[in-house]
Number of protein chains: 2
Amino acid sequence: MNVRHLSFRLLQVYVEVVRLGSVSRAAARLHLTQPTVSQQLKRLAEAVGTDILEGRAGGVRPTRAGEELFRAARDVLNRFSDFGDFVDQVRAGSRGRFSIGVVTTAKYILPRLLVPFYRDYPNVEITINIGNRGHVLERYRQDADDLYFFSHPPVGEKTLAGRFLANPLVLIAPQEHWAAARRQVPVSELAGERFLSREPGSATRLVFESWLRDNDIRLANTMQIESNEVIRLSVGEGLGLAVLSEHTISAGAENLAVVDAEGFPLSSYWYLVCHGDRPLPPPARRFVRHLDGHLEECVAPRYIHNELGPILDFISASDRES
Amino acid sequence: MNVRHLSFRLLQVYVEVVRLGSVSRAAARLHLTQPTVSQQLKRLAEAVGTDILEGRAGGVRPTRAGEELFRAARDVLNRFSDFGDFVDQVRAGSRGRFSIGVVTTAKYILPRLLVPFYRDYPNVEITINIGNRGHVLERYRQDADDLYFFSHPPVGEKTLAGRFLANPLVLIAPQEHWAAARRQVPVSELAGERFLSREPGSATRLVFESWLRDNDIRLANTMQIESNEVIRLSVGEGLGLAVLSEHTISAGAENLAVVDAEGFPLSSYWYLVCHGDRPLPPPARRFVRHLDGHLEECVAPRYIHNELGPILDFISASDRES
DNA sequence: TTACTTTATAGATAATCATCTATGAACGTT
DNA sequence: AACGTTCATAGATGATTATCTATAAAGTAA
């Protein structure tokens with residue numbers, strides 16, 4: 001048996017012939033002439049090395065080896081039909097893999113964005129890489145992930161970024177702090193407090209510092225802590241005040257108060273970011289589209305600021321390409 | 001995915017490339033040039049409709065879809081390798097089917113001939129068609145079976161027959177019959193007895209009648225019974241005497257005596273018969289060869305009269321043909 | 001940078017394939 | 001015997017395939 005000259009087409013034809021028990025009828029069904037089919041059968045028999053069909057009243061019937069060939073052919077065609085389905089899914093993006101780089105702060109909203117997608121596309125595997133802003137920026141530069149969540153998107157010729165979620169920054173204090181009971185506290189009055197903040201480069205810190213500069217306020221006493229959790233707990237313990245994403249604090253409520261300070265909450269956003277010079281893998285495209293269509297299922301309406309347009313356009317362009 | 005342009009050769013090449021992780025090395029192993037393999041991969045990707053390989057340090061690596069294609073290809077090639085083995089077995093005759101037509105008398109020796117063959121070739125299925133001589137002759141004329149056992153082979157231009165087994169016909173009587181105690185009884189003395197015999201046309205009867213004619217003996221009283229078993233039992237019960245194959249009576253010994261009569265046992269043989277104008281199916285060839293080589297395992301040496309030569313020659317000729 | 005990989009592309013050619021029309025051979029049914 | 005099936009064979013043709021050599025492009029290691 002020389003498998004080398006075996007083609008799937010021959011098997012398809014053969015299967016049809018055996019199913020219908022007739023060369024002519026198979027030819028008709030396959031939109032071929034009868035001699036064509038006869039000849040293909042001949043070539044198949046040659047490749048197999050044995051007679052596979054024998055004449056029968058008004059048609060043909062497989063020989064012993066032919067029966068077995070029929071089974072093998074059926075199995076093989078089915079196997080590849082399965083594979084075809086798989087490829088279709090891969091192409092449609094409903095199956096496959098992609099990765100997201102996210103800054104630590106985003107981990108509070110990430111699950112809410114991911115769960116509905118997982119529900120609709122159980123065969124997509126998402127790899128999530130979490131790090132601080134510096135870390136994720138580095139990954140972005142190396143093109144290590146397909147999509148990124150940034151609070152301050154990196155700038156760059158080919159960077160595509162789309163705002164899609166409000167990320168209000170609130171001022172938090174221990175519940176027993178004097179400012180917790182006031183309304184519209186001028187922040188200048190808080191300048192003497194100790195402030196706990198993330199490392200330099202953190203988006204939250206960038207926004208806060210920029211705001212301080214704009215309002216000509218200089219803080220007297222700051223403390224750097226590289227974890228939102230620890231900051232939150234420390235504020236609860238009375239170690240100081242802090243500016244944190246509202247999403248972060250809604251997660252736990254241990255003895256914290258949101259101070260109603262002038263100018264607060266500070267306005268800030270989450271951006272979906274990707275490289276504009278390389279097509280996204282299909283599952284990532286699926287994800288962006290899904291995100292675009294299902295934001296209201298993920299978060300409260302007041303957070304939604306859907307400006308994903310440019311990224312969606314980019315994706316549509318990629319679709320047309322391939 | 002267009003299965004139509006998929007060939008097994010492409011899959012073989014692809015599998016080799018993925019296994020070795022390198023186009024060049026696969027090319028070397030397949031005795032092809034590297035561009036050839038590259039081009040085949042391109043066609044394969046085209047047929048599949050997706051990229052299946054991506055560059056990697058010093059070689060290539062399958063994409064997501066490529067991995068799945070690799071699995072499918074491996075499965076499919078294995079499936080056909082199994083089928084190839086099957087075909088080889090069919091061609092060698094160690095797998096398949098054939099049929100034998102036998103006259104009822106032969107059923108006593110048939111199992112002994114078949115069992116050793118079954119032991120050596122468990123994948124060969126034998127269909128046995130048993131009937132009286134007329135019935136089997138009719139099947140022979142219609143070419144309904146591949147091999148036949150006859151005691152008197154049919155004559156015909158294209159009939160191949162080979163004697164291989166003695167089938168002595170003995171005269172049996174009830175144990176208490178007067179002839180049972182005598183030696184060299186002249187059959188003329190038995191002419192007055194009632195004889196039980198098979199239907200006209202039966203080989204046993206033909207031989208006996210021919211012998212009677214040769215010895216100018218005419219029986220007074222006969223009774224026709226179409227079953228060797230019933231004849232045997234009837235003789236045991238004292239209904240009369242009978243001439244039966246020695247093989248037949250060794251099967252049961254109910255109150256029977258073999259009469260030591262003059263001229264007995266009558267000489268007769270089993271013939272293996274087939275049509276000489278059509279090649280035997282490979283399993284039937286295997287069977288004949290096996291029979292030729294294992295007669296002494298099947299029956300006592302005194303029965304063996306192996307004259308299968310012409311049939312074996314015919315078989316060898318068929319082998320060379322295909 | 002240079003040298004040595006690696007894979008990809010281009011161009012050429014002989015083989016093969018897919019497909020048709022026309023025709024023949026075998027078989028069963030009027 | 002004549003007819004209508006069924007499958008097989010022959011001959012023709014354009015498309016595709018298998019395969020090569022030569023060369024380019026891209027990446028890796030010195």
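In what follows, chains carry the letters A, B, and so on, assigned in the order in which the sequence lines appear, proteins first and then strands, with residues in each chain numbered from 1. What you see below is based on every heavy atom in this structure, not just the backbone, and it leaves out hydrogens, waters and symmetry mates. Remember, it's a predicted structure, so these values are computed and weren't measured experimentally.
Comparing atom distances between the Arg9(A) side chain and each of dT19(C), dA8(D), dT28(D) picks out dT19(C) as nearest. In this structure, the nucleotide among dT21(C), dT9(C), dT19(D) sitting nearest to the side chain of Thr33(A) is dT21(C). When distances run from any side-chain atom of Pro35(B) to the nucleotides dC20(C), dT21(D), dT7(C), the shortest one goes to dT21(D). Side-chain proximity of Lys42(A) to the nucleotides dT28(D), dC7(D), dT9(D) is greatest for dT9(D).
Atom-to-atom, CZ of Phe8(A) to P of dT16(D) comes out at 20 Å; the value is rounded to the nearest Å. Whole-Å rounding puts the His5(A) NE2 to dA15(C) P distance at 13 Å. Separating the CZ atom of Arg25(A) from the C1' atom of dT5(D) is a distance of 11 Å, rounded to the nearest angstrom. In this structure, the CG atom of Leu53(A) is 16 Å from the P atom of dT6(D), given to the nearest Å. The nearest whole Å value for the distance from the CG atom in Leu6(B) to the C1' atom in dT17(D) is 14 Å. Between the CG atom of Leu32(A) and the C1' atom of dC17(C) there is a distance of 13 Å, rounded to whole Å. Here dT17(D) presents its C1' atom at 15 Å from CG of Leu41(B), a figure rounded to the nearest Å. Taking atom CG of residue Leu10(A) and atom C1' of nucleotide dT16(C), one finds them 12 Å apart after rounding to whole Å.
Around the CZ atom of Arg29(A), the shell of radius 6.0 Å holds no more than 12 heavy atoms that belong to other residues, nucleotides or ligands.
Arg4(B) comes within 4.0 angstrom of sugar-phosphate atoms only, judged by non-hydrogen atoms across all strands, and of no base. Counting non-hydrogen atoms under 4.0 angstrom, Ser7(A) reaches nothing in the nucleic acid. Across all strands shown, Gly59(A) has heavy atoms under 4.0 Å from sugar-phosphate atoms exclusively, and none from any base. Gln39(B) comes within 4.0 angstrom of a nucleotide base, judged by non-hydrogen atoms across all strands.
The pair Arg79(B)-Asp82(B) does not meet the salt-bridge criterion, since no charged nitrogen lies less than 4.0 angstrom from a carboxylate oxygen.
Taking the nucleotide of DNA chain C with the nearest heavy atom to each of Ala57(A) and Ser22(B), the more 5' of the two is matched to Ser22(B). The residue among Gly58(A) and Thr36(A) whose nearest nucleotide of DNA chain D lies closer to the 5′ end is Gly58(A).
Leu41(B) and Ile52(B) get closest at one heavy-atom pair: O-CD1, 4.3 Å. For the residue pair Tyr148(B) and Ala144(B), the shortest heavy atom distance occurs at OH-N, 3.4 Å.
Arg139(A) places no side-chain N or O within 3.5 Å of a backbone atom of Asn129(A) that could act as its donor or acceptor partner.
Using a 4.0 Å cut-off, no side-chain N or O of Ser24(B) falls inside it from OP1 or OP2 of dT5(C).
Gln34(B) contributes a side-chain N or O that forms a donor-acceptor pair with the base of dA8(C) under 3.5 Å.
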